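In this text, all values refer to a predicted model and were calculated from it rather than measured experimentally.
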Amino acid sequence: MENRINGDDLLAAGYKQGRILGEALKAAAALQHLSREEALALLLKVKDYPENFLDDEKLEALATAMIEEMNKPADTTIALVTEKKEYAVYGKEYIEEGAGKQMAVAMQLPVTAAGALMPDAHQGYGLPIGGVLATRNAVIPYGVGVDIGCRMALSVFDIPADAFYANEAKYKRELIAHTKFGAGAGFHGQYKADHGVLDSDTFNITPFIKQLHDKAASQLGSSGGGNHFVEWGIIEFEERDEALNIEKGKYLALLSHSGSRGMGATIAGYYTRLAKDLCRLPKEAANLAWLDMDSEAGQEYWLAMNLAGDYASACHEVIHRKLTAAIGARVLAKVENHHNFAWKEIWNGEEVIVHRKGATPAGKDVMGIIPGSMTAPGFLVRGLGNEAAINSASHGAGRQMSRTKAIEQISKKDMQAVLKENGVTLIGAGLDEAPMAYKDINQVMGAQQELVKVVAKFEPKIVRMADDGSRED
DNA sequence: ATGTCC
């Protein structure tokens, strides 16, 4: 006679869905010699005291599974918030779909307070490039990005545009003499630079950070690869700027874009791994793993991130110091800003951690630099403090073509024609950095008029980037 | 972005 016990009976008896229920159903089927009531009573006993049935031929598998289940560590995956939180988007028509999807996932983190997407946004690891995320008491290493502290620095010189045009060869020579590009590139021996950042106490907080010191010392003042550059250009102020104390006019300027080199990348990789171990998230959010700001790991990352930021700043300072001395100029104004970083800020009346991953800080009257491309203008801007945008703006024009697509579709001839047309001299760079690979900076600026006000326009003239596939030392 | 695994 069959006992006809089904899954519902077992669920009602308190068995859990999944592997255990499957084992219990198999056990029930093996208990056909018993009546329904007898079998259910027995299965209840197995559920409550599995250790008593480990030697029972018919119930051993179920009892073993139950004991294993009881000793399995609890599922530590942190659930995403299901309710959809709104976030501000600027220049939606210029933003690729993948970036919006990534931002939507970031908005579902339980630590998220607010988010915003800038008009140059595109897909990245975890948080999109051009994404801004404010969190409560949590820092996300991939919300900052791999190149921690990556930034722009601009020096405006007391040299009129005409004096530059009269002697371009000299400026080209000094640019080559005093900058270093390429993966792994650094300075050695007597060419090594020095800066107070190398004496920072933060290098001593952990053995992991300490071992980064030597490479940091040799890479100080170098620029790296990818979209990093150092360039001479002409900056135009259409009217006198009171805060900068600069008269209307066209001046020679130096603009640099680079980050924290191998040091920042190593810190980013190490703490991302640690965050992923400590903060398990569903697959689609795995790269958004965070560190609690009150935890040891969170505090370590915060210090290391700030060190990498100071280091990136020091690299620009060395570059600008060397080139300023080489041309014998006086600096009228200097502006710089990180665009891959996290800050403690007040947003909507509460303290939050604002992650800007490829986004320019644009708090009220905060100055920033938004570059275009090697031929398109860059802009010196003043923030408008737009709260919906979490006091941010784009960090450039943003790519229109992937690196691969640019290399496939753009010819050297096309690139040379654009450079010539714009009167730009280029040292290094591959087709993946061609102007056509980037969006129209004027459209991008148009999409963020509520975020920043343009103060001056910068036209690149002599641009240096890493050579194609560069590995030089 | 990064000697593309600390």
A.B. asks: Can you spot which of W290(A), Y301(A), Y125(A) makes a ring-ring contact (aromatic ring centres under 6.0 Å, His included) with Y142(A)?
C.D. replies: Y125(A)

A.B. asks: Can you tell me how far P of dC6(B) sits from CG of L274(A), to the nearest Å?
C.D. replies: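 Answer to the nearest Å: 14 Å.
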
A.B. asks: Calculate the interatomic distance between Y270(A) atom OH and dC6(B) atom C1'; express it in whole Å.
C.D. replies: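 After rounding, the reported distance stands at 8 Å.
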
A.B. asks: Please report, rounded to the nearest Å, how far the C1' atom of dT2(B) is from the CD1 atom of I148(A).
C.D. replies: 12 Å

A.B. asks: Give me the ring orientation class for F341(A) and W343(A): parallel if the planes are under 30° apart, tilted from 30 to 60°, perpendicular past 60°.
C.D. replies: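 Rings of F341(A) and W343(A): perpendicular, as their planes differ by over 60°.
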
A.B. asks: Could you check V146(A) against R273(A) and say which one's nearest nucleotide on DNA chain B is further toward the 5' end?
C.D. replies: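 By nearest-heavy-atom nucleotide position, the 5'-most residue is V146(A).
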
A.B. asks: If you pin G225(A) and F208(A) to their nearest nucleotides in DNA chain B, which one's is more 5'?
C.D. replies: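 Per heavy-atom nearest nucleotide, the more 5' residue is G225(A).
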
A.B. asks: Check DNA chain B against residues 259-269 of chain A and give the residues with a non-hydrogen atom under 4.0 Å, in numerical order.
C.D. replies: R261(A), G262(A), A265(A)

A.B. asks: Send over the distance from Y142(A) OH to dT2(B) P, rounded to a whole Å.
C.D. replies: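 Spelled out: OH on Y142(A) to P on dT2(B) is 14 Å.
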
A.B. asks: Using the rule given for side-chain hydrogen bond (donor to acceptor under 3.5 Å, both in side chains), can you reason through Y311(A) versus Q219(A), listing the C-alpha separation, both sets of side-chain angles and the distance that settles it, and then say yes or no?
C.D. replies: CA-CA 10 Å; Y311(A) 176 75; Q219(A) 294 190 327; 4.8 Å; no

A.B. asks: Is it true that a side-chain atom of D158(A) and a backbone atom of R330(A) form a donor plus acceptor pair closer than 3.5 Å?
C.D. replies: yes

A.B. asks: Measure from CD1 on I209(A) to P on dC6(B) and round the result to the nearest Å.
C.D. replies: 15 Å

A.B. asks: So is R399(A) actually on top of Y438(A)'s ring, under 6.0 Å and inside 45° of the axis?
C.D. replies: yes

A.B. asks: Figure out the CG/C1' separation between L212(A) and dG3(B), and round it to whole Å.
C.D. replies: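 So the CG-C1' distance, L212(A) to dG3(B), works out to 14 Å.
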
A.B. asks: Can you measure F181(A) atom CZ to dT2(B) atom P for me and round it to whole angstrom units?
C.D. replies: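 In whole Å, dT2(B) P lies 11 Å from F181(A) CZ.
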
A.B. asks: Roughly, in whole Å, what's the span from OH in Y301(A) to P in dC6(B)?
C.D. replies: 15 Å

A.B. asks: Is the backbone N or O of S260(A) less than 3.5 Å from a side-chain atom of D147(A), with the two atoms forming a donor-acceptor pair by type?
C.D. replies: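 Between the backbone of S260(A) and the side chain of D147(A) there is a qualifying donor-acceptor contact (under 3.5 Å).
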
